[in-house]
Number of protein chains: 2
Amino acid sequence: MFIIGELINGMYANIGAAIKERNKTEIQKCALQQLSCGADALDINCGSASKQPLVDMPWLVEVIQEITDKPLCLDSSKPTVIEEGLKVAKNKTIINSTTADVEKLDVLLPLAKKYKSRLIGITISAKGIPQNKDQRLELAATIVDNCVEKGFSIEDLYLDPIVLPVNVAQTQMKDVLESIAEFRIISEPSPKTILGLSNVSQGTNVRSLINRTFLTMAVAYGLDSAILDPKDKELMDTLITAELIINKNIYCDSYLDAYRKK
Amino acid sequence: MFIIGELINGMYANIGAAIKERNKTEIQKCALQQLSCGADALDINCGSASKQPLVDMPWLVEVIQEITDKPLCLDSSKPTVIEEGLKVAKNKTIINSTTADVEKLDVLLPLAKKYKSRLIGITISAKGIPQNKDQRLELAATIVDNCVEKGFSIEDLYLDPIVLPVNVAQTQMKDVLESIAEFRIISEPSPKTILGLSNVSQGTNVRSLINRTFLTMAVAYGLDSAILDPKDKELMDTLITAELIINKNIYCDSYLDAYRKK
């Protein structure tokens, strides 16, 4: 599992304040904590409260690059904000994200190619959030077709079937899981699959339990990557165990420790 | 999920002693605890140390029937022991279990019919434990064919793909999970599927974590029933959440409590 840490996000009070005050130490501490807990990459989001995302994004990228060479996942709904991050990035990058809308794909695919960045494609469009598996597959196909057309390597594409909170879209959970399996056979070579995990438990009282249970199922369905909170130890224990069960980690009596030392 | 509590088993020291000493209270306490934790049925196993299983089994059945009318799962490798339990059972019963061997099926299927009992069929045979999904499916087909031949209703059959400990058969876990999905389409109407869960973590250091992670995946693959420890609260929380995600329980903010009060 390619784990992208979600905690560098201006919507969190500590990060929002650190961005405003240009507090490098706080940002770097958060980055290092996530990496030590097992993150393979770090999501970077200025937060919607940022008044100057075009300046905040490259500042964050530079501050984090000082302490790690792990990939950075540049997270904004505004392509211009993402581009400011790409301009200063020395680490590998992942653009988070495009939708299936042609206006977005027309801007973000050339950007991803220009900066040799991977790209997350979320199966939503201006028409709204898909209501079932077929609609997810249709949007995924639109994204894949556009990648092929524009010469963007499908192996650098992560498709996100978008999971809604279980308290508002309980009937769609199974569709999301099955979409993970179906996205992987949408083309040859396969696109990768990804989930923004925490969304599934939004507004519930037992967030970690719902997150880790859903993630276990997603692993069973072949999920490649997730954006999540690597500091949630129970979540990480569960993830390591889920990958053990599907034979992606080798068993030893201390497999949890062994994975973490890896 | 039809939950069968596993704790009335002579291999546990307290139960082994209680059987020997004819300590009704200890047995009934264990039964009531499991039922209050969410068990829908109770497994009853005299344990291999029992010197007089033909007497112990009916004693256990009668003692437990005094305090509950939930189904009893008569667990022995010896058909004669199972029959002694069936003779005195007033509650619904499940025979645990037959293998795919004709000698066993020839005895246990008529017994199940005679006593209107459900039957667990484990996909093993005298040739040994299956090594992959195809072998599991072949043994499942043998059991189903025998049921059809002998006029035993497939809806009363639970097929168990047999899960081995992850520390000795890590490469087979995915096969077991996929077998669950395949067993369900082996005939119309479908047989039910069941797992003896605790086996998966035998000999490991983090038994509950491995149990609940594997169970979550099995739920995603459509498992109908499991023999497990209902007193493991984290396991039960995970199970309730897994069934929430696949839309078998209705969401409310206090869904864990609500399920337990049900």
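Lettering follows sequence order; numbering is per chain, from 1.
The candidate from A/Thr171, A/Leu177, A/Val219 with the greatest count of non-hydrogen atom pairs under 4.5 Å with chain B is A/Thr171. Counting heavy-atom pairs closer than 4.5 Å to chain B, the top-ranked of the candidates A/Thr238, A/Asn167, A/Ile246 is A/Asn167. Most heavy-atom pairs under 4.5 Å with chain B: of the set A/Leu209, A/Val176, A/Asn205, this distinction falls to A/Leu209. Interface check for chain B: of the options A/Arg212, A/Gln172, A/Met217, the most heavy-atom pairs under 4.5 Å are formed by A/Met217.
At a 4.5 Å heavy-atom cutoff, the contact between A/Asn249 and chain B is made by backbone atoms alone. Of the atoms belonging to B/Glu234, it is side-chain heavy atoms, and not backbone ones, that fall under 4.5 Å from chain A.
Listed for the B/Gln170 side chain is no donor-acceptor partner under 3.5 Å among the backbone atoms of A/Lys248. Side-chain N or O atoms of B/Tyr251 include none that pairs as donor or acceptor with a backbone N or O of A/Ala169 at under 3.5 Å.
For B/Gln33, the CD atom is densely surrounded, since the number of other residues' heavy atoms within 6.0 Å is greater than 12.
Each of A/Val163, A/Thr213, A/Val200 was compared with B/Ile245 under the side-chain contact (heavy atoms from CB on, under 4.5 Å) criterion, and only A/Thr213 meets it. Of the candidates A/Thr241, A/Leu256, A/Ile240, B/Val206 forms a side-chain contact (heavy atoms from CB on, under 4.5 Å) with just one, namely A/Leu256.
Looking at B/Tyr255 and A/Val166, their side chains never come closer than 4.5 Å, going by heavy atoms from C-beta outward.
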